[in-house]
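Following: one structure in structure tokens, then a few remarks.
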Amino acid sequence: MKHKRASRGILASFTLRGAVALICLIWTIPTIGLLISSFRELNHIMTSGWWTVFRTPLDFSQYTLENYRRVISAHGLGNAFLNSVTATVPSTLIPITVAAFAAYALAWMRFPGRDMLFTLIVWLIVIPLQMTLIPLLRIYVALKLSGTFPGIWLAHTGFGIPLAVYLLYSFISQIPRELIEAATVDGASHFQIFTQVVLRLSTPAIASFAVFQFLWVWNDLLVSLVFLGTSQDVATMTVVLTELVGTRGQDWHLLTSGAFVSMAVPLLVFFSLQRYFVRGILAGSVKG
Amino acid sequence: MHESEQRTLSRVLITLALSVLVFFALRWCFHFVQSKEIPRLLGALIAVVAGVAGVWALYWIANEWVSLIPSRRVREALLPFVFLGPALFLLVVYLVYPGLTTIYISFFDKRSENFVGLDNYAFIFTDPNVRIAFRNNAQWLIVVTSLCVTLGLLTAVLFDRIRLESLAKSFIFLPMAISAVGASVIWRFVYAWQPPGRPQIGVLNAIRVALGQEPVGWYIQPPSNNLALMAIMIWLQTGFCMVILSAALKNVPDELLEAARMDGANELQLFFLISVPYIRGVIITVATTVLIAVLKVFDIVYVMTRGNYDTEVIANRMYVEMYRFVNFGHGSALAVILFLAVAPAAFFNVRNMRRQRGEQ
């Protein structure tokens, strides 16, 4: 009786592990196919499935870096990479700065209407981006801000502030009162308390939001299309990749390597900062 | 007295000089970066540093000016504006004003010149192409939301029982790092179609051919092509559901499960009669979050089909109205509809989020 049960347990755990492995495999196959193909020549990609490399996986003559060289130089992905960096880094750091100053004021300064203001800011999270595009586009055209990097930094800052204020406020307002008061007694101004005490203590909250915002901006297509556009000197990687799909939809050697270049930074963040990555994604999930 | 006055004067002058300096430095950077003669890398670097440092400099200067005011009461009254002002200004410019304007111009014609009443809304609800967008959004909503949550639950439960749980989770969570554009390229390749007789390079068509069937244009042929696009979203979002649901499942009290086990409940009954009801609130929150993302889906459709082959969705149609037809009336009416669809779910989520943290 006991023996029979044990063998059934082994079978069940074997099935379980098989099912788990199968799910993980299904989830990963699409990305693996892309990765392998990005190292194959176009005529190989078009005449045999990428899985055929597993017949002779160690035959390195079937792999090439040529696709990456071409997509980065001739097809402008290298330029687009710089554009993405230029668009993303300030679009991450500026909202953090602006929102942290605001969160500090909401948490530690006394002025009329403070709580109401906080509630209002939080509720702005529910406004979808699409609600703002047409009026903003007109303002941007009138002010000649469209197609400029400061233009997209400000746009991402505006869109990101409600969530950032909310996340940073819930952290900054929890800082022990004694710490703030001790600094005040020492003669520190609000500005000094903010830069020297509050910012340093808020690193975990800032890091979570930073990871979320960085990925959001880096991976965004709509805001880049509307505010930066497709011109070569400003187009981000998502935009250039989208253009490539439209114009060279069958050039799989370019599309696969191009897609992988655009994914490299987020994947790096994923593998190096996994804890903050998960926290950031969860924290940002309310963003409308 | 004389000396302190001198000190104040010199502080004013220094602050003034720095303000002017920052102003011209930022202006110079702006023009310098726009010019095309400088190397790209240098331009990018200057832009990033100037942008971020510039924002800090502006706060610092504003703070300096306020701290020069002799009256303590005035200083303390003004300082919140220095800290909060920029955030409020940006919120008004980027969310409040455009949001209200969109509602307003949705009652005006193409170029927002003549009042047309509800014409734009009438168009939206009668035009056959827009109706396809509504139908598709409804299908996305049902299929993607339910499958994401179901698969998230399934993986959370299964992975909980193996030793390499966090490794297995990474596989499902990984797509969360990938942009919808990147994911669309990945899946275009999975769906790749070659004429019958030629070797299939897409996994799915290769499997079909190996099973003796004809290759299919997965994301081209209606009506099932919509499912092909939805699969991409499910692939991207399931990891999110899994992580949250898994954390919730681990919080189900062991005593509760043990007691039910003693009463002779099997694992399936435990799951459906104890665990699922216990984490019901989390399931609903996860579902509304996915639902909001699904309602606003744009990138996947834009990259895969541009809304052709009956795959139109509201957000893509709005983009088309904005850029191809340059019809701001239709475009803003669509945005308003999208807002009205998203608002209840977003409202629910924000309220939940604040309740969890013990706010009103």
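A note on names: the letters A, B, ... follow the listed sequences, proteins ahead of strands, and every chain is numbered from 1. Atom set for the values below is all heavy atoms of this structure, side chains included, hydrogens, waters and symmetry mates excluded.
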query = Checking B/Arg163 against chain A: side chain, backbone, both or neither under 4.5 Å from a heavy atom?
reply = side chain

query = In terms of heavy-atom proximity below 4.5 Å to chain A, should B/Tyr59 be classed as side chain, backbone, both, or neither?
reply = both

task = Go through the atoms of B/Leu334 and report whether side chain, backbone, both or neither lie under 4.5 Å from a heavy atom of chain A.
result = neither

task = Heavy atoms only, distances under 4.5 angstrom: which of B/Val190, B/Thr101, B/Ile178 has the most pairs with chain A? Name it, please.
result = B/Ile178

ask   = With ring centroids as reference points, do A/Phe81 and A/Trp218 lie under 6.0 angstrom apart?
value = yes

B/Leu88 portion near chain A, given a 4.5 angstrom heavy-atom threshold = side chain

Options B/Val55, B/Val243, B/Leu154, B/Leu45, ranked by heavy-atom pairs under 4.5 Å with chain A, top entry = B/Val55

query = Taking only residues two or more places apart in sequence, or in another chain, which ones meet B/Arg198 in a side chain to side chain donor-acceptor pair (under 3.5 Å)?
reply = none

inquiry  = Given heavy-atom pairs under 4.5 angstrom as the criterion, report whether the side chain, backbone, both or neither of B/Leu41 touches chain A.
reply    = both

remark   = Cut-off 4.5 Å, heavy atoms of chain A, and the answer for B/Ser112 is both

ask   = Does the ring centre of A/Tyr104 sit less than 6.0 Å away from the ring centre of A/His190?
value = yes

ask   = Which region of B/Asp299, side chain (C-beta onward) or backbone (N, CA, C, O), has a non-hydrogen atom less than 4.5 Å from a non-hydrogen atom of chain A, or is it both or neither?
value = both

Which portion of A/Leu255 sits near chain B, non-hydrogen atoms under 4.5 angstrom = both

request  = Specify which of A/Met131, A/Gln250, A/Arg110, A/Met263 makes the most heavy-atom pairs with chain B at under 4.5 Å.
outcome  = A/Met131

